[in-house]
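Since the structure comes first, as structure tokens, the remarks are kept for the end.
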Amino acid sequence: MRRLIIAGNWKMNGDLADAEVLATMVVNGLHQVSGVETVLCPPSVFLYPLSEIVTKSMDHISLGAQNMFYAESGAYTGEISPSMIKKVCRYVIIGHSERRQYFGEDSELINDKVQAAIDNKIIPILCVGEIKKTAESYKDAAKELKKDLKGISKAALEKIVVAYEPVWAIGIGRAATPEYAAKVITLIREELGSNTAVLYGGSVDAKNISGFVARPEIDGALVGGASLRAKEFIQICELAVKAKSFNR
Ligand code: PGA
């Protein structure tokens with residue numbers, strides 16, 4: 001289902017005290033803000049302690065894991081299963097470019113993880129994006145998505161979230177333009193149908209969020225670096241609400 005979503009990917013940063021302060025500030029700051037679903041994705045060891053702050057009873061703020069394995073249990077040293085996170089997570093990021101690049105995750109594995117998330121009623125935020133920006137590479141994200149989603153039912157496609165993250169725009173403070181992101185997302189939607197929420201990610205901050213969200217093709221953002229700064233992250237959520245309502 002399409003709706004405005006701002007997800008914060010904290011990656012491998014901070015300690016538990018930092019995480020508790022950040023989550024508390026975000027929850028307090030967004031308590032009164034409606035019209036946006038906010039997802040906080042801390043390192044997995046912080047998920048349970050943070051579930052005391054971001055409780056499952058909150059409708060519009062929830063926790064997401066940054067990764068999970070597809071099997072339910074067994075001899076998979078170092079992995080966490082869907083059932084281990086689903087008590088506290090509404091979402092799970094799957095196939096982030098850093099998982100693909102540094103941990104060798106391919107479409108086959110990512111496909112299994114997406115299916116496992118769906119089976120466990122955890123909403124996957126599936127990340128896709130081209131590695132380099134060339135004249136033709138804007139088509140790569142939709143091709144990758146097609147492989148990642150092989151065999152996933154039409155009904156399930158409406159429940160997942162896709163994040164278009166051009167790898168060349170991640171973590172460098174220089175985002176893609178909203179026009180470019182919208183062009184790629186239009187191709188992505190050809191694989192998904194019109195009811196799936198699609199976010200943009202890659203150097204999103206308080207200065208550029210409005211431009212992305214004002215586009216009718218873009219349903220929100222997956223925010224990395226700026227999600228570690230509570231005030232800026234809250235501002236991003238507030239600006240996104242304004243940009244979307246202006247657009248409607
Ligand atoms: P960034 O990260 O906002 O720091 O570019 C985005 C992401 O990797 O999800």
Side-chain angles (χ1 to χ4, degrees), residues 4-14 18-19 22-23 26 36-44 46-47 62-68 89-105 110 113-114 117 122-133 137 140-141 144-145 148 160-178 180-182 184-185 188 197-213 215 218-240 243:
L4 179 61
I5 300 170
I6 302 291
N9 176 10
W10 295 1
K11 307 193 181 183
M12 196 176 72
N13 289 297
D18 296 330
L22 183 52
V26 171
V36 58
E37 228 186 289
T38 304
V39 187
L40 304 182
C41 304
S44 56
F46 303 154
L47 284 168
S62 53
L63 288 174
Q66 295 176 15
N67 180 34
M68 65 169 206
C89 291
R90 200 175 292 158
Y91 289 85
V92 59
I93 297 173
I94 289 178
H96 189 279
S97 62
E98 287 148 19
R99 301 290 321 163
R100 297 182 197 249
Q101 191 181 345
Y102 305 131
F103 304 97
E105 295 201 7
I110 289 163
K113 292 185 177 194
V114 170
I122 308 167
I123 303 169
I125 302 176
L126 171 61
C127 301
V128 291
E130 75 279 11
I131 293 166
K132 289 205 172 101
K133 190 168 192 251
S137 66
D140 293 357
E144 187 173 55
L145 188 74
D148 294 348
I160 72 169
V161 175
V162 170
Y164 165 54
E165 297 208 306
V167 180
W168 51 266
I170 293 178
I172 53 157
R174 214 166 347 102
T177 62
Y180 180 86
V184 177
I185 289 175
I188 284 177
V198 183
L199 318 179
Y200 166 78
S203 297
V204 170
D205 59 24
K207 286 191 231 81
N208 61 28
I209 183 66
S210 303
F212 287 107
V213 169
R215 299 283 317 202
I218 304 176
D219 300 324
L222 179 55
V223 185
S227 72
L228 295 168
R229 301 187 286 273
K231 273 194 190 147
E232 182 167 6
F233 187 68
I234 294 163
Q235 207 188 351
I236 288 171
C237 295
E238 289 169 342
L239 288 166

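Counting starts at 1 for both ligands and their atoms, in listed order. These numbers come from the heavy atoms of this one structure, side chains and all, not from hydrogens, waters or symmetry mates.
- Those atoms of ligand 1 with a heavy atom of Asn9 less than 4.0 angstrom away are 9 (O).
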List the atom pairs, donor and acceptor, that lie under 3.5 Å between side-chain atoms in residues 36-44 and the rest of the protein, sequence neighbours left out.
residue: Glu37; atom: OE1; partner: Arg3; partner atom: NE; Å: 2.7
residue: Glu37; atom: OE2; partner: Tyr91; partner atom: OH; Å: 2.3

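- In this structure, Gly201 does not count as a contact residue of ligand 1, since none of its heavy atoms falls inside 4.0 Å of the ligand.
- Of the polar atoms of Gly225, at least one N or O is found under 3.5 Å from an N or O of ligand 1, judged by distance alone.
- Using a 4.0 Å cut-off between charged side-chain N and carboxylate O, Asp148 and Lys113 make no salt bridge.
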Residue pair Val92, Asn67: steps toward the side-chain contact (heavy atoms from CB on, under 4.5 Å) verdict: CA-CA 6 Å; Val92 59; Asn67 180 34; 5.7 Å; no
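- Residue, atom and distance of the protein heavy atom nearest to atom 9 (O) of ligand 1 are Glu165 OE2, 2.7 Å.
- Residue contact check: Leu222 has heavy atoms under 4.0 Å from atoms 9 (O) of ligand 1.
- Applying the 4.0 Å criterion to heavy atoms of His96 picks out, from ligand 1, the atoms 7 (C), 8 (O), 9 (O).
- Remark: Lys133 is positioned above the aromatic ring of Trp168, its terminal NZ or CZ atom under 6.0 angstrom from the ring centre and at most 45 degrees off the axis.
- Counting only distance, with no hydrogens or angles, the side chain of Ser137 and the backbone of Asp140 share no donor-acceptor pair below 3.5 Å.
- Formation of a donor-acceptor pair under 3.5 Å by the Glu144 side chain with backbone atoms of Val128 is not found in this model.
- Under the rule for a side-chain hydrogen bond (donor to acceptor under 3.5 Å, both in side chains), Trp10 has no partner lying at least two apart in sequence or in another chain.
- Each of the atoms 1 (P), 4 (O), 5 (O) of ligand 1 lies under 4.0 Å from some heavy atom of Gly171.
- Salt bridge Glu105/Arg100: absent, no basic N to carboxylate O contact under 4.0 Å.
- Atoms of ligand 1 lying under 4.0 Å from any heavy atom of Ser203, numbered from 1 in the order shown and given with element: 1 (P), 3 (O), 5 (O).
- Every atom of ligand 1 with a heavy atom of Gly202 under 4.0 Å away is listed here by number and element: 5 (O).
- Contacts between Ile170 and ligand 1 below 4.0 angstrom, taking non-hydrogen atoms only, involve backbone and side chain alike.
- Among all non-hydrogen protein atoms, the one lying nearest atom 3 (O) of ligand 1 is Gly224 N, 2.8 Å.
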